[in-house]
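In what follows, a single structure is set out as structure tokens and then discussed.
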Amino acid sequence: MLSEKGRLDVMIVGVFCPLAEIMQRRAGSDGNYLTANEEGEIPLPVLRWQEEVHKPGIYDLELDTSMLSAEECAERILNVIASGAKFNARDKLIASQV
């Protein structure tokens with residue numbers, strides 16, 4: 001999929017949040033989300049998702065939404081783009097699929 005994009009300049013952003021914060025947000029939301037039980041145990045599907053979602057962990061920029069607001073995340077992304085930085089996570093990901 002990544003190689004199909006040709007030479008399009010792509011910035012890959014890893015968005016992180018600690019599981020404790022995710023569980024707290026889910027418990028306080030109106031959505032139909034799995035939440036921790038009374039003992040604080042995190043449901044297995046949530047643990048599996050957290051383990052798998054960031055593999056192989058190659059990003060041009062990493063953001064922690066427990067520390068940054070959505071606006072701050074957007075500002076950081078825009079600042080990196082405006083800096084003229086070269087993005088190489090895409091090429092690393094393509095190479096890792098060989």
Side-chain angles (χ1 to χ4, degrees):
M1 180 172 120
L2 287 170
S3 59
E4 295 171 3
K5 302 300 180 203
R7 291 306 322 154
L8 191 64
D9 199 16
V10 175
M11 177 173 58
I12 299 177
V13 179
V15 180
F16 296 86
C17 187
L19 273 174
E21 178 69 18
I22 293 170
M23 291 294 97
Q24 184 176 353
R25 290 178 185 180
R26 285 177 169 209
S29 75
D30 292 333
N32 188 20
Y33 297 108
L34 291 174
T35 58
N37 64 19
E38 291 180 11
E39 290 79 34
E41 295 173 351
I42 298 170
L44 188 56
V46 175
L47 291 172
R48 286 185 179 151
W49 171 259
Q50 191 71 5
E51 290 173 10
E52 294 297 321
V53 71
H54 290 290
K55 286 183 180 178
I58 300 172
Y59 304 105
D60 294 302
L61 176 66
E62 295 183 4
L63 302 169
D64 182 342
T65 62
S66 70
M67 305 296 288
L68 301 168
S69 68
E71 292 80 11
E72 290 169 322
C73 289
E75 184 177 337
R76 291 204 182 180
I77 292 168
L78 289 172
N79 287 340
V80 171
I81 292 169
S83 76
K86 299 295 180 198
F87 309 126
N88 61 14
R90 176 186 172 271
D91 292 336
K92 289 180 182 178
L93 286 166
I94 291 169
S96 73
Q97 294 175 3
V98 175

Solution key, residues 74-89 side-chain donor-acceptor pairs under 3.5 Å, sequence neighbours excluded:
{"from": "Asn79", "atom 1": "ND2", "to": "Glu75", "atom 2": "O", "distance (Å)": "3.3"}
{"from": "Ser83", "atom 1": "OG", "to": "Val80", "atom 2": "O", "distance (Å)": "2.7"}
{"from": "Ser83", "atom 1": "OG", "to": "Ala85", "atom 2": "N", "distance (Å)": "3.2"}

Pair up each side-chain donor or acceptor in residues 39-47 with any protein partner under 3.5 Å, not counting sequence neighbours, and list the distances.
{"from": "Glu39", "atom 1": "OE1", "to": "Asn37", "atom 2": "ND2", "distance (Å)": "3.4"}
{"from": "Glu41", "atom 1": "OE1", "to": "Asn37", "atom 2": "ND2", "distance (Å)": "3.0"}

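The salt bridge (Lys or Arg N to Asp or Glu O under 4.0 Å) pairs that include a residue from residues 59-73 number zero, where partners must be two or more places apart or lie in different chains. Evaluation of the ring-ring contact (aromatic ring centres under 6.0 Å, His included) test over residues 61-86, restricted to residues two or more places apart or in two chains, returns none. Within the structure, ring-ring contact (aromatic ring centres under 6.0 Å, His included) pairs that include any residue of residues 62-84 do not occur (at least two apart or interchain). Residue pairs meeting the ring-ring contact (aromatic ring centres under 6.0 Å, His included) criterion with at least one member in residues 27-47: none, sequence neighbours excluded.
Between the SG atom of Cys17 and the CG atom of Leu68 there is a distance of 10.5 Å, given to the nearest 0.5 Å.
Although no hydrogens or angles enter the test, the distance criterion places a donor-acceptor pair under 3.5 Å between the side chain of Arg26 and the main chain of Leu34.
The salt bridge (Lys or Arg N to Asp or Glu O under 4.0 Å) search around Glu38 returns none, not counting sequence neighbours. Residues satisfying the ring-ring contact (aromatic ring centres under 6.0 Å, His included) test with Phe16, not counting sequence neighbours, are His54, Tyr59. Taking the side-chain contact (heavy atoms from CB on, under 4.5 Å) definition, one finds that Gln24 meets it with Glu21, sequence neighbours left out. Checked against side chain to side chain donor-acceptor pair (under 3.5 Å), Glu51 has no partners two or more places apart in sequence or in another chain.
Residues Val53 make up the rest of the hydrophobic cluster containing Trp49, defined by ILVMFWY side-chain heavy atoms closer than 4.5 Å, directly or through other members.
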